[in-house]
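Just follow the structure's listing: the first ligand is 1, and inside any ligand the first atom is 1. On a predicted model such as this, the values are computed, not experimentally measured, just so you know.
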Amino acid sequence: MASTSKITIKSDAIKQNVNFVKSLIGTSTILSAVIKGNAYGHGIPVMVKTFESAGINHFSVYSSPEAKDAFKAKSSNSTIMIMGIICVNDYQWVVENNIEFYVSTLDVLEKAIHYSKKAGVKSHIHIDVETGMNRTGIVFENLKKVVSVINSNIDCLEIIGITSHFAGAESIANHIRIKKQFSVFKKRVKYFEKNNIIPRILHIASSAATINYPDSRLDLVRVGILLYGYWPTKETFIHYIHRRKDKSDPIKRAMTWCSNVILIKVIPESEFIGYGLSFQAQHQMKIMIVPVGYSNGYSRSLSNLGHVIVKGRKAPIVGSVNMNMIICDITNIENVQIGDEVVLIGKQGDQEISFSSFAEMNNSLNYEILARLPENIQRCLDDK
Ligand SMILES: *Cc1c(COP(=O)(O)O)cnc(C)c1O
């Protein structure tokens with residue numbers, strides 16, 4: 001797809017991150033790569049292939065449209081699990097293609113049974129139980145009913161897993177809540193087992209829980225952010241590194257987002273640059289224009305704040321981030337030419353702009369910045 005910027009994924013970084021998580025969890029726990037939110041902005045098609053070549057064959061998505069994107073890219077021995085919503089028109093496709101999915105309500109359970117009968121194949125389900133996050137999941141009051149519906153339709157159902165999700169395992173502030181959730185989860189599992197509903201696997205841990213609560217790894221971990229090379233929070237990194245001799249970061253950011261210089265200009269002293277009065281040249285300046293703005297996922301809150309890298313040097317953004325452009329100060333950077341590569345996120349020479357620093361400046365999360373990178377930016381693989 002033609003676009004004014006480009007996202008490149010380093011496959012060696014992904015391999016390193018996958019190997020790091022595998023070294024934590026060992027061989028008896030399955031590693032499911034979470035690829036919701038267009039694979040955290042990295043692109044589902046590119047990432048499914050990259051994760052597969054790094055040895056992953058289990059993928060977690062949020063919705064059935066994401067499952068379809070992943071299905072097109074995956075090899076025949078990879079499994080897809082939908083953790084969230086199935087669009088009504090997609091149930092048949094999901095059931096027929098053995099796509100696994102969460103059953104979080106009685107309504108979804110009934111649909112699973114209905115479409116299984118219709119297609120003549122079993123629905124592959126994970127029973128999602130409410131344990132204290134108070135988001136999705138089967139609530140206590142409905143457990144008995146769910147057990148009876150499952151047991152009287154067991155011919156239609158393959159009980160793959162029982163699952164839940166922690167409400168913030170990345171912060172010690174939530175410690176008591178997380179512990180309580182885990183004990184509720186174990187109780188719910190016992191209840192199903194006592195009623196002859198025996199799942200093949202149990203899973204509850206995301207990246208943060210995989211690091212902070214090793215007991216919660218169980219049979220499968222659903223890891224997103226770590227595999228792309230980011231810590232869920234700085235606190236999680238500190239928790240991990242705390243007791244280690246080697247203090248270097250074991251994971252590596254896989255994404256580079258870059259564009260090009262399209263225009264260079266000299267601005268006389270005391271002129272305002274860009275919209276309004278937010279930036280005034282205090283001396284004669286040289287600026288460059290880069291064709292990326294907030295419509296391309298470059299946050300407007302980085303106006304007069306962010307940096308890009310050109311010729312291996314950091315160039316500050318001057319004035320506001322426009323819909324399709326930013327203006328950067330290159331007064332002290334020599335030899336910048338039209339067409340030169342400009343790094344928005346990632347490394348060039350000795351300089352790096354990380355999403356984390358970006359996120360701090362921007363007072364938002366890695367997760368948010370990554371996930372809102374528009375789908376129409378070209379993604380490609382760097383597998384040298
Ligand atoms: C997003 C998500 C994950 C992965 O979270 P990370 O912090 O990126 O590892 C796991 N489980 C569920 C249910 C999710 O929604």
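- Taking the ring axis of F182 as reference, the NZ or CZ atom of K186 stays within 45° of it and closer than 6.0 Å to the ring centre.
- For ligand 1, the atoms sitting less than 4.0 Å from at least one non-hydrogen atom of S206 are 4 (C), 5 (O), 9 (O), 10 (C), numbered in the order shown with element in parentheses.
- Note on ring orientation: taking the six-membered ring where Trp is involved, the planes of H42 and Y230 are perpendicular (angle over 60°, cut-offs 30° and 60°).
- No side-chain donor-acceptor contact under 3.5 Å links N324 to the backbone of G293.
- Interface of Y40 with ligand 1, defined as ligand atoms under 4.0 Å from a residue heavy atom, comprises 1 (C), 4 (C), 5 (O), 6 (P), 8 (O).
- In this structure, Y62 does not count as a contact residue of ligand 1, since none of its heavy atoms falls inside 4.0 Å of the ligand.
- Checked against a 6.0 Å centroid threshold, the rings of F51 and Y228 count as neighbours.
- With a 4.0 Å heavy-atom cut-off, ligand 1 is reached by the backbone of S207 and by its side chain too.
- Residue contacts with ligand 1, taken as heavy atom pairs separated by less than 4.0 Å, involve I225 via backbone and side-chain atoms alike.
- Considering backbone and side-chain N/O atoms, R222 comes within less than 3.5 Å of an N/O atom of ligand 1.
- Annotation for ligand 1: atoms under 4.0 Å from non-hydrogen atoms of M83 are 11 (N), 12 (C), 13 (C), 14 (C), 15 (O).
- Distances below 4.0 Å separate heavy atoms of K36 from the following atoms of ligand 1: 1 (C), 2 (C), 3 (C), 14 (C), 15 (O).
- Taking the centre of each ring, H175 and Y213 come in below the 6.0 Å mark.
- The aromatic rings of F101 and Y91 sit perpendicular, their planes meeting at an angle over 60°, well past the 30° parallel limit.
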